[in-house]
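Chain letters run A, B, ... following the sequence lines, proteins first, then strands; residues in each count from 1. Note that these values count all heavy atoms, side chains included, but never hydrogens, waters or copies made by symmetry.
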Amino acid sequence: MKILFFGTPVFSEIVLNGLLENGFEVVGVVCQNDKPAGRGKKLVTPHIVEIAKAHNLPVYQFEKLSLYIEEFKKIDYDLGVTASYGKILPRKLLEIKPCINVHPSMLPKYRGATPIQGALLNGDKKTGVTIMKTEVGMDDGDIFVQKEVEIMPDEDYLSLMPRLAKIGLELLMETLIKIENGTAKRTPQEHEKATFVKLIQKEDALLDFSMPVESLVNKTRAYVVSPVAFFTLGEDRIKVYKAKVADMTIDANVGEIIPNKKRFLVQASDGVFEILKCQASGGKVLDANVFLNGYRFKTRVANV
RNA sequence: CGCGAGGUAGAGCAGCUCGGAAGCUCGCCGGGCUCAUAACCCGGAGGUCACAGGUUCAAAUCCUGUCCUCGCAA
């Protein structure tokens with residue numbers, strides 16, 4: 001069975017790599033265009049392109065898929081597989097050949113672009129992965145299989161995402177085999193139970209200390225790769241990569257940095273937010289105690 | 001040539017405007033104190049101040065070039 005793979009970020013890479021390692025016949029990779037990124041706005045090629053090239057797979061980078069339907073008709077494939085492709089595939093493309101999708105949530109919960117972050121943001125104890133049919137609607141296709149996955153209390157996007165990708169890969173391979181031998185079954189989603197997660201905006205990552213401390217920690221966990229939770233201290237923007245609920249209470253105003261030589265503590269609405277790993281503008285990512293060694297506080301109040 | 005910050009002891013920083021004997025916080029080594037501590041006290045080791053030129057009696061500091069790191073924006 002010839003597979004045409006759609007995907008761009010790390011999640012997609014893990015799934016693609018797995019398919020290749022396990023001998024599935026991938027005939028091409030469709031991913032996003034090169035985009036200007038980083039300092040100097042240099043054009044950056046998605047990393048997944050290197051994986052494709054290493055396996056001598058043709059790479060298709062189309063700005064708008066709907067403009068290249070004829071190109072797709074020329075490709076010899078039997079099934080499309082999307083894994084975190086990010087965009088809705090045009091109807092005409094789906095009409096060429098069927099397509100299935102790897103979605104890291106227990107659909108119909110968390111349809112949309114950021115299901116992993118959604119689960120972390122809500123402090124969920126468990127999430128999951130679903131293999132479903134790719135349709136024109138947003139993640140609303142029939143489900144082949146899904147599996148629940150426990151979220152560890154100290155887990156963040158960086159560790160959860162690859163874990164879900166690997167589980168997704170297993171379920172995907174299982175499903176591919178069933179499709180090939182004709183035993184695949186699928187059931188419609190309970191659409192009335194659907195929930196959605198939106199694209200993340202920069203300002204969503206602001207740590208507003210009038211929020212419950214638990215939510216602040218969850219935000220840090222969800223956004224650790226991008227856009228990274230942050231707050232401001234005077235002119236400086238402090239990014240927070242790792243944090244926890246401090247095992248203490250202190251009487252301080254909301255948003256106030258509590259003086260401490262070794263621990264970076266900020267008062268939230270209902271508890272103390274402890275920063276464990278952070279970064280100031282222009283600096284490196286540092287453990288909190290190291291950060292405190294050199295950082296000169298011009299103000300002790302956040303977000304003013 | 002998108003905008004900006006920075007490279008000084010193992011780590012994080014100050015010093016640079018106004019050239020003139022290398023500092024701070026931590027870590028490390030040794031000693032002391034305490035029922036106890038991510039506590040405190042005393043002592044110690046550790047630096048061609050990114051690299052290369054230039055100006056000067058004298059350069060971490062001023063000038064020029066190179067390399068590297070990071071924030072913003074996209």
Side-chain angles (χ1 to χ4, degrees), chain A residues 7-13 31-50 61-65 84-87 113-114 117 154 156-158 198-209 213 216-217 219-252 255-268 271-304:
Chain A
T8 305
V10 177
F11 184 87
S12 319
E13 287 180 29
C31 69
Q32 308 272 357
N33 261 332
D34 295 1
K35 285 183 177 168
R39 284 164 225 113
K41 64 169 186 178
K42 280 173 294 211
L43 225 50
V44 171
T45 304
H47 183 254
I48 197 167
V49 170
E50 288 178 32
Q61 291 176 277
F62 299 134
E63 183 57 40
K64 254 186 173 300
L65 296 183
S84 191
Y85 183 69
K87 287 181 183 172
T114 58
Q117 292 92 331
D154 61 339
D156 61 16
Y157 183 87
L158 203 55
K198 287 177 272 188
L199 276 171
I200 300 162
Q201 306 296 324
K202 274 265 159 69
E203 58 267 29
D204 294 336
L206 174 70
L207 293 170
D208 173 358
F209 292 102
V213 62
L216 296 170
V217 171
K219 191 177 265 199
T220 305
R221 295 201 294 151
Y223 295 162
V224 67
V225 170
S226 170
V228 186
F230 73 96
F231 62 95
T232 60
L233 271 184
E235 298 295 305
D236 284 354
R237 171 185 284 232
I238 312 295
K239 284 182 166 185
V240 181
Y241 288 85
K242 197 169 188 283
K244 67 172 186 181
V245 178
D247 52 350
M248 62 192 298
T249 55
I250 281 189
D251 186 31
E256 200 175 326
I257 313 291
I258 299 162
N260 190 306
K261 282 186 185 174
K262 302 258 179 186
R263 303 173 66 178
F264 197 167
L265 306 166
V266 189
Q267 182 66 49
V272 178
F273 182 73
E274 175 161 9
I275 295 162
L276 299 174
K277 197 169 279 203
C278 64
Q279 176 186 38
S281 309
K284 292 176 181 172
V285 179
L286 302 171
D287 287 337
N289 60 336
V290 176
F291 178 90
L292 293 174
N293 274 338
Y295 188 74
R296 322 243 143 181
F297 285 92
K298 294 169 205 74
T299 171
R300 290 271 175 183
V301 184
N303 300 327
V304 290

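Taking the nucleotide of RNA chain B with the nearest heavy atom to each of A:Gly282 and A:Lys261, the more 5' of the two is matched to A:Lys261. Take the nearest nucleotide of RNA chain B for A:Ala37 and for A:Phe291: the residue whose nucleotide is more 5' is A:Phe291.
The aromatic rings of A:Tyr295 and A:Phe291 sit parallel, their planes meeting at an angle under 30°, below the 60° perpendicular limit.
Judged by Watson-Crick or G-U wobble contacts below 3.5 Å, the nucleotide B:A45 has no partner. Nucleotide B:A11 has B:U25 as its partner under the Watson-Crick or G-U criteria, with both atom distances under 3.5 Å. Across all strands shown, B:C33 has no partner, as no Watson-Crick or G-U wobble contact with both distances under 3.5 Å is found. In this structure B:G6 sits in a base pair with B:C68, meeting the Watson-Crick or G-U test at under 3.5 Å. Under the Watson-Crick or G-U wobble criterion, with both distances below 3.5 Å, B:C16 is left unpaired in every strand shown.
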Candidate pair A:Gln117 and A:Tyr157, rule side chain to side chain contact (heavy atoms under 4.5 Å, CB included), full reasoning: CA-CA 7 Å; A:Gln117 292 92 331; A:Tyr157 183 87; 3.5 Å; yes
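Taking atom P on both nucleotides, B:G6 is separated from B:C16 by 13 Å, rounded to a whole Å. With P as the reference atom, B:A5 and B:C62 are 14 Å apart, rounded to whole Å. For the C1' atoms, the distance from B:C57 to B:G19 is 12 Å, rounded to whole Å. Rounded to a whole angstrom, the distance from the P atom of B:G7 to that of B:U61 is 12 Å. Distance check on atom C1': B:U37 versus B:C33 gives 13 Å, rounded to whole Å. Look at the C1' atom in both B:A11 and B:G4: the space between them is 25 Å, to the nearest Å. For the C1' atoms, the distance from B:G23 to B:A9 is 11 Å, rounded to whole Å. Distance check on atom C1': B:A14 versus B:C24 gives 7 Å, rounded to whole Å.
At a threshold of 4.0 angstrom between heavy atoms, the contacts of A:Lys42 with the nucleic acid are absent. Among the protein residues, A:Lys284 comes within range of the sugar-phosphate backbone only, with heavy atoms under 4.0 Å from sugar or phosphate atoms but none that close to a base. No engagement by A:Lys35 is indicated, since no non-hydrogen atom pair under 4.0 Å with the nucleic acid exists.
Looking at residues two or more places apart in sequence or on another chain, you find a side chain to side chain contact (heavy atoms under 4.5 Å, CB included) between A:Lys298 and A:Asp236. Shown here are the side chain to side chain contact (heavy atoms under 4.5 Å, CB included) partners of A:Val290, two or more places apart in sequence or in another chain: A:Leu286, A:Asp287. A:Asp208 pairs by the side-chain hydrogen bond (donor to acceptor under 3.5 Å, both in side chains) definition with A:Ser210, not counting sequence neighbours. A:Thr299 is linked by a side chain to side chain contact (heavy atoms under 4.5 Å, CB included) to A:Leu233, A:Val301, counting only residues two or more places apart in sequence or in another chain. A:Asn260 pairs by the side chain to side chain contact (heavy atoms under 4.5 Å, CB included) definition with A:Lys262, A:Arg263, A:Leu265, not counting sequence neighbours.
Along RNA chain B, the stretch of nucleotides lying under 4.0 Å from any heavy atom of chain A spans, 5' to 3', B:G2 to B:A74.
One N or O on the side chain of A:Gln61 and one on the backbone of A:Gln32 form a donor-acceptor pair closer than 3.5 Å.
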